[in-house]
Amino acid sequence: MKTIHIVKAGAFSHIQDLGRPGLEYLGLNRCGPLDFQSFVIAQTLVHNDLHEAAIEMTYQGLEFTADHPITFAVVGAETVRIDNEIYSGAMTLMAKSQQLVQIGRLTNSRAYLAIQGGLDIPVILGSRSTDFTAGIGGWHGRSLRSGDCIPLKSIETRPTTVHTAPHWAHYSTEEPLKVVLGPHAYEFSSTTLETFFKESYTINKLSNIMGIRLMGNPVSPHNQAANRLSEGTVPGAIQVPPDGQPIVLLNQRGTIGGYPIIATLLGPELWRLAQWPMSSPLRFSAESLAAAQSSSRRIYQRLMAWREQILAGL
């Protein structure tokens, strides 16, 4: 069995693929990568199918060795060291058996490690993604630990052209995060909505894989509805709990919730937030649903067109 040995697991590293869509009615999250674009780029650099699993790292890279030669890519790290050689991140790399691969400082908040062929771990309910709430998928339903040995699919390492990430594959923190008004925006006064869009927020250290907690001027609704019924939630929904400090729900959120939703981040804007530095202030700006959908389609199509070019050898 071919494996990689985790020498240092980093702060919070776990296994994700495209996730488990369509199971929210059972209380199971889709899961999947928080930064879909970086995940796709990493998989494409090693010519993997997008349904293969990769390792998502948070705030800190990991170190590993392989017991056979591998081709891999890391997207989201400033540098990758292979023994004594240092390489820039976001490119196709190769390591020999037992060489130490050290993934250095992350460019932003998250990075992705894709290994050619994929990780040979069990498929549970159609996915290899780690679901921390249910305790299933990934590597024993938990984050990686130093000493773990992760099996790889038994394929011969294919000669692969060295590719690099596209020049547009970065996220700006200069522009506000674009949102559409949420289903409960009418419960907030015009003054409160103005505060929400005018003021800056910072990311609370209590944030986790379920949601990003924000800190700033509180934005409470007119009335705290004691009889509010719980409703289904989606990734990107911005809930406002009683303290008025917004929470942006992520892929492993609770599938239902009762807090009012003031606004929602769509697709690529949620990918941006997933990479947002904790020390950088952030703001929101409103746009129409049609504009948000059009922008999301354009970004997704650009990503997939680049992938097709790489796979076609162009």
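Hydrogens, waters and symmetry mates play no part in the numbers below; they use all other heavy atoms, side chains included. Predicted, not measured: the structure shown is a model, and the values here were computed from it.
- Side chain of Ser109 to backbone of Trp276: a donor-acceptor contact under 3.5 angstrom is found.
- More than 12 heavy atoms of other residues, nucleotides or ligands shown are found within 6.0 angstrom of CZ on Phe188.
- In this structure, Glu63 contributes its side chain and Val7 its backbone to no donor-acceptor pair below 3.5 Å.
- Remark: side-chain polar atoms of His163 are not paired, donor with acceptor, to backbone N or O of Thr92 under 3.5 angstrom.
- Two different hydrophobic clusters hold Val180 and Ile247 under the rule that ILVMFWY side chains link at heavy-atom gaps under 4.5 Å.
- Sorted by first and then second residue, the side-chain hydrogen bond (donor to acceptor under 3.5 Å, both in side chains) pairs involving residues 26-42 (not counting sequence neighbours) are Asn29-Arg253, Asp35-Ser38, Asp35-Tyr171, Asp35-Gln275, Gln37-Tyr171.
- Aromatic ring orientation, Phe72 versus Phe64: perpendicular (interplanar angle above 60°, classes split at 30° and 60°).
- A donor-acceptor distance shorter than 3.5 angstrom exists from the side chain of Asn48 to the backbone of Ile115, with no hydrogens or angles considered.
- The aromatic rings of Trp271 and Phe36 lie tilted to each other, with the angle between the two planes from 30° to 60°.
- With hydrophobic clusters built from ILVMFWY side chains whose heavy atoms lie under 4.5 angstrom apart, Val74 does not share a cluster with Ile86.
- The number of heavy atoms from other shown groups lying within 6.0 Å of NE2 (His140) is above 12.
- Side-chain atoms of Gln245 come within 3.5 Å of backbone atoms of Gly216 as a donor-acceptor pair (strictly under, hydrogens ignored).
- Checked options Asp67, Leu119, Thr3, Ile121; the residue passing with Leu152 is Leu119 (criterion: side chain to side chain contact (heavy atoms under 4.5 Å, CB included)).
- The line from CG of Leu214 to CG of Leu282 is 5.5 Å long, rounded to the nearest 0.5 Å.
- In the displayed structure, Asn84 atom CG is contacted under 6.0 Å by at most 12 heavy atoms of other residues, nucleotides or ligands.
- Atom OG of Ser207 is separated from atom CG of Leu250 by 8.0 Å, given to the nearest 0.5 angstrom.
- Between the side chains of Thr107 and Glu78, no donor-acceptor pair of N or O atoms lies under 3.5 Å.
- With hydrogens and angles ignored, the 3.5 Å screen pairs no side-chain donor or acceptor of Arg145 with any backbone N or O of Lys8.
- Looking only at atom types and distance, the side chain of Thr192 has a donor-acceptor partner in the side chain of Ser189 under 3.5 Å away.
- Residue Tyr25 is grouped with residue Ile136 when hydrophobic side chains (ILVMFWY) are merged at heavy-atom distances under 4.5 angstrom, including chains of intermediate members.
- The CG atom of Leu93 sits 5.0 Å away from the CE atom of Met91 when rounded to the nearest 0.5 Å.
- In this structure, His14 and Phe132 have perpendicular ring planes: the angle between them is above 60°, well past the 30° mark.
- Between the side chain of Arg142 and the backbone N or O of Gly135, no donor-acceptor pair lies under 3.5 Å.
- The CG atom of Leu144 sits 11.0 Å away from atom CD of Glu56, with the distance rounded to the nearest 0.5 Å.
- Taking the six-membered ring for Trp and the full ring otherwise, the centers of Tyr59 and Phe12 sit at least 6.0 Å from each other.
- Ionic pairing of Glu52 and Lys153 is present here: one or more N-O contacts between side-chain nitrogen and carboxylate oxygen are shorter than 4.0 angstrom.
- At a cut-off of 3.5 Å, with distance as the only test, a side-chain donor of Thr44 or Arg307 sits close to an acceptor on the other residue.
- Between the Ser296 side chain and the Gly267 main chain, no donor and acceptor come within less than 3.5 Å of each other.
- For the pair Trp139/Asp148, a side-chain contact is recorded, criterion being any heavy-atom separation below 4.5 Å from C-beta on.
- Atom CD in Gln43 sits 9.5 Å away from atom CG in Leu113 (nearest 0.5 Å).
- With a 6.0 Å radius and a threshold of 12 heavy atoms from other residues, nucleotides or ligands, Arg105 has its CZ atom at or below the threshold.
- Looking only at atom types and distance, the side chain of Thr195 has no donor-acceptor partner in the side chain of Asn217 under 3.5 Å away.
- The main-chain N or O of Ala291 is never found under 3.5 Å from a side-chain atom of Ser295 such that the two would form a donor-acceptor pair.
- There is a path of hydrophobic side-chain contacts, each under 4.5 Å, that joins Leu181 to Phe196.
- Distance alone, capped at 3.5 Å, is enough to place a donor-acceptor pair between the Asp83 side chain and the Leu100 backbone.
- Side-chain atoms of Asp17 and Ser127 form a donor-acceptor pair, as typed in the model, at a separation below 3.5 Å.
- The aromatic rings of Trp306 and Trp168 lie perpendicular to each other, with more than 60° between the two planes, well past the 30° mark.
- A salt bridge (charged side-chain N to carboxylate O under 4.0 Å, His left out) check over residues 172-181, counting only residues at least two apart or in different chains, returns nothing.
- When the shell of 6.0 Å around CD of Glu194 is examined, it contains 12 or fewer heavy atoms from other residues, nucleotides or ligands.
- Cluster annotation: Ile209 is not connected to Leu62 through the hydrophobic network of ILVMFWY side chains, with a link wherever side-chain heavy atoms come within less than 4.5 Å.
- Here the OG1 atom belonging to Thr202 is positioned 13.5 Å from the CZ atom belonging to Arg213, to the nearest 0.5 angstrom.
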